[in-house]
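A quick write-up on the structure given underneath.
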Amino acid sequence: MSGEVPLWEVFIRPRNGLSHKHVGSIHAADEVMAVQAARDVYTRRGEGNSIWVVPSKAITASDPAHADENFEPTSDKIYRHPTFYDIPEEVGHM
Amino acid sequence: MALFNAVLELADDHLVLGHRISEWCGHAPMLEEDLAMPNMALDLIGTARTLYAYAAQLEGQGRSEDDMAYLRGEREYRNLLLCERPNEDFAHTMLRQLYFAAFMHPYWQTAQASGDAVIAGVAGKAVKEMAYHIRHAGEWVVRLGDGTEESAQRMKDAVEALHAYTGELFEAGATQDVDDLPDRSAIRDQWETTIDDIFAQAGLSRPVVQFPQLGGRDGRHGEGLGHLLAEMQSVYRAHPGATW
């Protein structure tokens with residue numbers, strides 16, 4: 001049966017103020033059933049207060065074959081990490 | 001004693017239907033429903049537990065919620081016949097769930113204002129659960145009813161088979177003399193509105209029932225309940241007092 005039922009990616013927002021996070025995928029006939037299935041599969045233990053579902057086929061992924069040219073060039077650019085200055089004590093938690 | 005009997009009827013409805021739905025666990029047509037149905041079963045069984053514990057307390061004979069559930073025979077069970085109807089196919093299961101939830105949702109809405117603190121408490125929790133059961137089962141009824149030729153036929157067959165059991169929802173039963181529980185007959189209009197709205201989308205119609213099926217409240221059940229109880233009660237009866 002699952003062969004005929006479209007796949008959906010599920011995103012859950014754990015709390016207000018946080019962003020939706022990808023948690024997995026489910027099968028459902030349409031978007032209404034997809035939200036219900038996501039609720040039943042991924043929010044059984046109070047994981048969140050908002051659900052997004054997106055048709056998996058709507059997602060364009062980067063090509064694993066391009067991983068080297070996509071991601072390798074950043075590995076020697078450590079100056080992009082904001083770790084080269086001291087934060088004064090008085091600033092507290094940032 | 002009137003309240004005890006009325007609470008027991010409600011508890012039996014929830015346990016028997018909850019057990020029926022739990023029978024799908026591991027057998028549902030897809031993983032998503034294999035989780036959705038135990039979710040619904042646990043909602044119903046959770047409500048049953050609170051009600052059995054309350055009934056036991058009202059009775060004051062030292063019985064526990066487990067004694068209520070596991071040590072009564074089928075003639076002592078007071079559940080609606082609708083709740084014990086076999087799962088059959090997915091159309092039957094979803095329609096039975098819709099029929100029950102479309103009644104219990106307005107029932108618990110009214111019961112939230114009950115003068116009985118336990119009933120009002122159960123109602124506050126159950127009203128949200130029943131709203132979801134209507135939505136989940138209702139969406140399936142719409143999709144099966146308005147789906148393929150085969151799914152539409154199965155949905156029609158389910159309506160044909162189960163509709164005769166819906167009249168019992170509105171019978172007073174033991175609530176006759178109980179002020180703290182809603183008047184069941186007063187819920188009929190709201191129930192019909194909910195069903196008609198979903199049936200209109202599903203391309204189904206509400207049949208006229210010639211011979212309503214009654215008797216659950218008097219302990220007169222179909223053959224299926226005996227089998228259900230035998231399976232559900234076997235562990236408790238084989239190992240009385242066992243804990244884990």
Side-chain angles (χ1 to χ4, degrees), chain A residues 1-68 70-71, chain B residues 18 21-22 24-46 89-91 93-95 97-98 101 105 125 128-152 154-155 197-198 200-203:
Chain A
M1 178 179 179
S2 317
E4 306 158 14
V5 183
L7 191 65
W8 303 75
E9 300 303 318
V10 180
F11 300 80
I12 305 280
R13 186 178 65 196
R15 280 187 282 125
N16 285 335
L18 297 181
S19 53
H20 288 73
K21 283 268 190 322
H22 185 244
V23 293
S25 52
I26 47 103
H27 291 95
D30 54 50
E31 67 275 14
V32 175
M33 300 303 269
V35 171
Q36 284 188 187
R39 179 262 190 197
D40 285 317
V41 175
Y42 290 111
T43 67
R44 298 163 68 235
R45 300 180 183 88
E47 285 90 338
N49 61 12
S50 173
I51 299 169
W52 286 352
V53 292
V54 177
S56 303
K57 66 173 197 254
I59 290 177
T60 308
S62 60
D63 186 342
H66 297 162
D68 285 353
N70 276 342
F71 310 118
Chain B
I21 309 177
S22 79
W24 275 104
C25 185
H27 303 275
M30 57 206 289
L31 177 144
E32 289 76 359
E33 286 302 312
D34 212 89
L35 281 160
M37 281 195 284
N39 283 352
M40 294 199 287
L42 287 170
D43 288 344
L44 296 170
I45 293 166
D89 58 11
F90 211 65
T93 298
M94 285 296 137
L95 183 68
Q97 198 61 22
L98 173 66
H105 183 251
K125 183 166 164 289
K128 298 181 201 109
E129 295 170 345
M130 288 304 112
Y132 184 74
H133 292 207
I134 293 176
R135 195 147 59 82
H136 189 93
E139 298 289 359
W140 271 111
V141 168
V142 169
R143 278 157 185 78
L144 294 172
D146 189 27
T148 64
E149 203 178 309
E150 183 179 356
S151 73
R154 283 172 181 256
M155 209 61 242
D197 178 45
I198 291 167
Q201 298 172 62

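Every chain is numbered from 1 and lettered A, B, ... according to where its sequence line falls, protein lines coming before strand lines.
Distance OH/A:Tyr42 to CD/B:Glu32: 8.0 Å, rounded to 0.5 Å. To the nearest 0.5 Å, atom CD of residue B:Glu33 and atom CD of residue A:Gln36 are 8.0 Å apart.
With B:Asn39 contributing its side chain and A:Asp40 its backbone, the two residues share a donor-acceptor pair below 3.5 Å.
Using a 4.5 Å cut-off between heavy atoms, B:Arg143 contacts chain A through its side chain alone, with no backbone atom that close.
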